[in-house]
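What follows is a set of notes on a single structure, which appears directly below.
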Amino acid sequence: MKKVIVIGAGILGASTAYHLAKSGAEILLIDRNDEGQATDAAAGIICPWLSQRRNQDWYQLAKAGARYYPQLIAELEQDGETETGYAQTGALSIHKDQDKISKMAERAKLRREDAPEIGAITCLNEKETRERFPLLGEGYSSVHISGAARVDGRALRDALIRSAQRHGARLIEGEAELLYEGEQVNGVQVQTERYMADMVVVCAGAWANEMMEPLGVHFKVHYQKAQIVHLRATNQENTSQWPVIMPPSDQYLLAFADQKMVVGATHENDVEGYDTRITAGGMQEVLNKGLELAPDLANCTLDEVRVGFRPFTPGFLPVMGQVPGWSGLITANGLGASGLTMGPYIGGQLARLALDLEPEINIEAYNVSKAIEMSVQ
Ligand code: FAD
């Protein structure tokens, strides 16, 4: 049985471990529980089809990720994991300009030609829009995308880990350091304990570069801090099926069961170190933009603020595959602002690579060498 160690138990590592354990591999999953884990803070929007990003390689990955969700959720349910916060609630892409609404609907229809999972595309007037999301401010019409979904990143991560454990995976908490001989990575050290493996998969998000440095590999991962607010709309009912709200700005609003509203998020570049503080400026930005969108949020209870680091690789395009110059070592990173959408799918592909199986997609476009600089040792 192949022995594989997975480092990092965010959405990517959890999914990789899940797929590997289900395939019968012997799995050790190691996580350091860093404050600022992206998965733990993520909003949970699964709706890549309306994105204006032109990069086709990015879009293909995001599309495949969204398409994979219903299958994954069904498999987890068969495994007894029903608490993932996943629901195909649909999304409302809102605007005050009718022309923009028509253009969005057209773009969605074009994209549906090779992504039928987008589902029904319906233009809604202001009244219909507010019926779907009663807290929304005045003046917005929308395009409703029925195939869009939302998920609770924390709950899905935990469900994947539990299911992996049920299939024999072990989870340990601690800081993993790579062990190697020549150009072969052959295991991991956690404190004084050494664990040997046939393959090591690094899914360390914003912290991945520090792991690779001892190998003389500079992994060009940078990160963006995000602060996101959780509110409770105590005067609303049946919020669990409310759609995701996607405004024209970089903000968003989504609802979960039990009156939970998630408003986000900041996009903070150039932060000093792994600064997980909740800042006055961050809160001002998120709440100002959120309340402008939905003024009635002002009456909500502020439940919690989460902070996470979105990991990015050059060109804002994820990478995945073997680390050049090394055997026994594969990785993926750079899932950025769409990692909940793509992470479960990419984890499945990493598992295939670790088992020497062909990935389902051509991964050349995501070659890890694009994010690597080697230094002479
Ligand atoms: P992470 O989740 O950060 O996990 C990395 C893990 O590696 C951490 O647990 C860390 O402790 C561990 N680690 C690091 N170094 C070591 C070590 N040496 N030893 C052991 N463990 C180690 N995506 C969407 O698709 N939709 C959204 O709506 C969405 N909203 C978001 C909102 C916010 C506020 C944020 C921050 C992100 C959002 N994202 C969203 C993006 C998504 O959350 C990320 O792209 C994704 O979670 C990245 O997952 P990851 O597993 O690569 O990294």
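Atoms within each ligand, like the ligands themselves, are counted from 1 in listed order.
Between Thr276 and Glu35, the side chains place a donor N or O and an acceptor N or O closer than 3.5 Å (distance only, hydrogens not considered). In the model, Gln184 has a side-chain atom that pairs as donor or acceptor with a side-chain atom of Ser327 under 3.5 Å. Side chain to side chain, Gln60 and Asp57 fail the donor-acceptor criterion of an N or O pair below 3.5 Å.
Short contacts between ligand 1 and Gly8, defined as distances under 4.0 Å to a heavy atom of the residue, involve ligand atoms 6 (C), 7 (O), 12 (C). Listed by number with element, the atoms of ligand 1 under 4.0 angstrom from any heavy atom of Gly44 are 27 (C), 28 (O). Atom numbering of ligand 1 starts at 1 in the shown order; those under 4.0 Å from a heavy atom of Gly308 are 36 (C). Atoms of ligand 1 lying under 4.0 Å from any heavy atom of Met211, numbered from 1 in the order shown and given with element: 18 (N). Atoms of ligand 1 found under 4.0 Å from any heavy atom of Leu335, numbered from 1 in the order shown, are 45 (O). The atoms of ligand 1 that sit less than 4.0 Å from any heavy atom of Glu175 are 19 (N). Annotation for ligand 1: atoms under 4.0 Å from non-hydrogen atoms of Thr341 are 24 (C), 25 (O).
Atom 33 (C) of ligand 1 has its closest protein heavy atom at Ala42 CA, 3.7 Å. For atom 37 (C) of ligand 1, the closest non-hydrogen atom of the protein is Arg310 CG, 3.8 Å. If you check which protein heavy atom lies closest to atom 30 (N) of ligand 1, you get Ala43 N, 3.1 Å. If you check which protein heavy atom lies closest to atom 6 (C) of ligand 1, you get Asp31 OD1, 3.6 Å. In terms of protein heavy-atom proximity, atom 19 (N) of ligand 1 is closest to Ala176 N, 3.0 Å. In terms of protein heavy-atom proximity, atom 51 (O) of ligand 1 is nearest to Leu12 N, 3.2 Å. At the top of the distance list for atom 34 (C) of ligand 1, counting protein heavy atoms only, stands Ala226 CB, 3.5 Å. The single protein non-hydrogen atom nearest to atom 22 (C) of ligand 1 is Arg32 CB, 3.8 Å, given as residue, atom name and distance.
When each of Leu231, Leu297, Asn299 is paired with Leu135, the side-chain contact (heavy atoms from CB on, under 4.5 Å) condition holds for Leu297 and for no other. Of the listed residues (Lys96, Glu126, Gln98), just one forms a side-chain hydrogen bond (donor to acceptor under 3.5 Å, both in side chains) with Ser141, and that residue is Gln98.
Looking at Arg232 and Asp303, a side-chain N of the basic residue comes within less than 4.0 Å of a carboxylate O on the acidic one, giving a salt bridge. The pair Asp40-Arg154 counts as a salt bridge, with a side-chain nitrogen and a carboxylate oxygen less than 4.0 angstrom apart. Ionic pairing of Asp99 and Lys103 is present here: one or more N-O contacts between side-chain nitrogen and carboxylate oxygen are shorter than 4.0 angstrom. A salt bridge is defined here as a Lys NZ or Arg NE, NH1 or NH2 lying under 4.0 Å from an Asp or Glu carboxylate O, and Asp79 with Arg162 fails to meet this definition.
When the heavy atoms of Ile46, Ile45, Asp34, Thr39 are ranked by distance to atom 10 (C) of ligand 1, first place goes to Asp34. Selection from Ala66, Ala38, Gly205 by nearest heavy atom to atom 3 (O) of ligand 1 gives Ala38.
Assignment of Ala206 to the shell around ligand 1 is not supported, since no heavy atom sits closer than 4.0 Å. Gly174 counts as a contact of ligand 1, since one of its heavy atoms falls under 4.0 Å from the ligand.
Remark: side-chain polar atoms of Tyr274 are paired, donor with acceptor, to backbone N or O of Ala206 under 3.5 angstrom.
A cation-pi arrangement, defined by a distance under 6.0 Å to the six-membered ring centre and an angle within 45 degrees of its axis, is present between Arg111 and Tyr59.
Once rounded to the nearest 0.5 Å, the distance linking CE of Met212 with CG of Asn209 reads 8.5 Å.
At under 3.5 Å, a nitrogen or oxygen of Ser338, whether backbone or side chain, sits near a nitrogen or oxygen of ligand 1. Taking only nitrogen or oxygen atoms, main chain and side chain alike, Ala41 does not reach within less than 3.5 Å of ligand 1. Between Ile228 and ligand 1, no N or O atom pair is found at a separation short of 3.5 Å. For Gly336, a nitrogen or oxygen atom sits less than 3.5 Å from a nitrogen or oxygen atom of ligand 1, counting backbone and side chain alike. Distances between N or O atoms of Leu340 and those of ligand 1 include at least one value under 3.5 Å.
Asp296 pairs by the salt bridge (charged side-chain N to carboxylate O under 4.0 Å, His left out) definition with nothing, not counting sequence neighbours. For Glu131, the salt bridge (charged side-chain N to carboxylate O under 4.0 Å, His left out) partners at least two apart in sequence or on another chain are Lys127.
Residue-level proximity to ligand 1 for Gln37 is carried by backbone and side chain together, each with a heavy atom below 4.0 angstrom. Of all the heavy atoms of Ala337, the ones lying under 4.0 Å from any atom of ligand 1 belong exclusively to the backbone. The part of Cys203 lying near ligand 1 is the backbone, judged by heavy-atom distances below 4.0 Å. Only the backbone of Asn33 comes within contact range of ligand 1, with a heavy atom under 4.0 Å; no side-chain atom does.
Aromatic ring orientation, Trp326 versus Tyr180: perpendicular (interplanar angle above 60°, classes split at 30° and 60°).
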> Between Glu285 and Gln227, does a side-chain hydrogen bond (donor to acceptor under 3.5 Å, both in side chains) hold up when you go through it step by step?
Replying inline: CA-CA 10 Å; Glu285 181 189 334; Gln227 303 182 53; over 6 Å; no
